[in-house]
Amino acid sequence: MLGLYDVSHWLIVMAIIYLVLPLLTYLLLPYIFYGTKSTKKRIIIYVIGEIGHSPRMCYHALSFSEHGYDVELCGYVTDSIPKDIIDDENITIHEIPIYENTRNTKSLLFLLKKVLFQIFTIVKQLWYLRGSNYLLVQNPPTIPILPLAVIYRLTGCKLIIDWHNLGYSILQLKFNQNFYHPLVLCAYMIEYIFSRFANYNITVTEAMKTYLVERFGLNPAKCFVLYDRPPHKFQPFNGTIEERLSIIKKEDFIKDFIPSDFDIIKGDKILVTSTSFTPDEDIKILVGALKIYEHTYQKFDNNLPKIICFITGKGPMKEEIMKQVANHDWKLCKIEFLWLSAEDYPKLLRLCDYGVSLHASSSGLDLPMKILDMNGSGLPVIALNYPVLNELVVHKKNGLKFTDRRELHESLIFAMKDPELLDSLKRNVILEAGKRWNSSWEPAMKEMKLI
Ligand SMILES: *[C@@H]1O[C@H](CO)[C@@H](O)[C@H](O)[C@H]1NC(C)=O
Ligand SMILES: *[C@@H]1O[C@H](CO)[C@@H](O)[C@H](O)[C@H]1NC(C)=O
Ligand SMILES: *[C@@H]1O[C@H](CO)[C@@H](O)[C@H](O)[C@H]1NC(C)=O
Ligand SMILES: *[C@@H]1O[C@H](CO)[C@@H](O)[C@H](O)[C@H]1NC(C)=O
Ligand SMILES: *[C@@H]1O[C@H](CO)[C@@H](O)[C@H](O)[C@H]1NC(C)=O
């Protein structure tokens, strides 16, 4: 039997629940699940890397913005961000703080602390941005972003993985290709397990798609190949050679590097390569090939054209390579190291004759972005070959391929001495360069029903 006191007690509890319920459903739950949701579609693009050096993610951002999305672009911003991203009213940039390695240690403890720090900052940021319709992450890096992104799906956000490469294969490279190293195995498992929870999958090459379908069990019908394309800011030079020369002599970022006896009209050539000076991109091959080129000049053929080779970028092995270049007595070739802004880099490319790519893919499944930039600028490329490169460069059609220093040297001799070869390569490149990012992005997104 309930006493009168008990009944009123319950009534009060019911009343409180009755009053609190609307608060709960209309304020608290939406607060948790929707955050700052607006009527416009919203996408979070998460770049664990320098935004200014992640062109593909920037194109995604620009394209989504163009199609009426609000874009929350998260990434590191220690370097300059392309102007069109900053000026775009639909893109908001959210800086990810960097965990500084102040003591310069490479210990496991540091790695652990860094990952914990990243988890903390990512969770905080994603929480703040909750209520978005889509979350686009690139892979790699896989840890810790991929597991967090998968958990984030609980807020009703759809997850898109853009497969640039395989995270574990890059790690494997650091451990002498030992797949059974515990860290590599762990990375592989995380990648394998969490990638199954993506709503959409995008890959950069056919080969990557095939790999993911076979090894990770993706649904091939729902996985889209979205080739990188040269962005619009890379345009071929369309003037005469005299006009090109006069620009070269005027542009601040290169004019000081051009000696007075260097004459592109007579056939001297400008090469360019960009690199992050990591062990998987062996610039020494290029330096070595140029040394053989000089040797050939001195011993066999003193009609060879002069070469200026610009190497742009920075990274861990830069000092070492610069020292190596400085220690050689160059007669015919000149190697210059540059660090250019995102605006100057396209200007440099269009003034050169050939691009060089030394990118060796860790997974063998991705394509070097820099070749596309060169491609957009109308430069034939001399590229270090690996199987997937066939999806991009066809030998003697739109570029030349080599496998070692000696072959690079041979390619250089061809490239420097045969004006017809350069012309025909260039024609084919420019023909292709008309295909741009937009024209492959839109069909893929339409198919995924994102636009
Ligand atoms: C897509 O094409 C339009 C012109 O049609 C251009 O203004 C825009 O910059 C392009 N977007 C990207 C990301 O290249
Ligand atoms: C921003 O989004 C609107 C639609 O909401 C669109 O009309 C406009 O073109 C977008 N701005 C840019 C720079 O893409
Ligand atoms: C994306 O790939 C994962 C496996 O990695 C799969 O479970 C998921 O269904 C795929 N999404 C689509 C839309 O195919
Ligand atoms: C050549 O390039 C310049 C600048 O990129 C452009 O303004 C001009 O229209 C182009 N001319 C031709 C003939 O394509
Ligand atoms: C240039 O890019 C197109 C696609 O955009 C590609 O088909 C072509 O092979 C590329 N050429 C070079 C030299 O990279």
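These figures come from a predicted structure and were not determined experimentally. Every number for a ligand or one of its atoms is a count from 1 in the order of the listing. We count residues from 1, following the sequence as given.
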S.K.: Say whether, by atom type as modelled, one donor and one acceptor occur between the side chain of Glu191 and the main chain of Gly167 under 3.5 angstrom.
M.R.: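 Checked: pair present.
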S.K.: Among Lys318, His359, Glu281, whose side-chain hydrogen bond (donor to acceptor under 3.5 Å, both in side chains) with Thr275 holds?
M.R.: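 Going through Lys318, His359, Glu281 one by one, the side-chain hydrogen bond (donor to acceptor under 3.5 Å, both in side chains) with Thr275 is satisfied by Glu281 alone.
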S.K.: Does the side chain of Ile43 reach to within under 4.5 Å of the side chain of Asn133, using non-hydrogen atoms?
M.R.: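 Ile43 vs Asn133: side chains apart.
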S.K.: First locate atom OG1 of Thr78, then atom CD1 of Ile96, and finally report the distance between them rounded to the nearest 0.5 Å.
M.R.: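 Spacing of OG1 (Thr78) from CD1 (Ile96) equals 11.5 Å.
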S.K.: Select all protein residues for which some heavy-atom-to-ligand 2 distance is less than 4.0 Å, and list them by chain and number.
M.R.: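 Heavy-atom contacts below 4.0 Å: Lys40, Ser65, Glu66, Gly68, Asp88, Glu89, Asn90.
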S.K.: Give the intermediate values and the outcome of ring-ring contact (aromatic ring centres under 6.0 Å, His included) for residues Phe224 and Tyr200.
M.R.: CA-CA 8 Å; Phe224 298 92; Tyr200 305 96; 8.0 Å; no
S.K.: Apply side-chain contact (heavy atoms from CB on, under 4.5 Å) to Thr142 and Leu171, showing your working.
M.R.: CA-CA 11 Å; Thr142 316; Leu171 204 59; over 6 Å; no
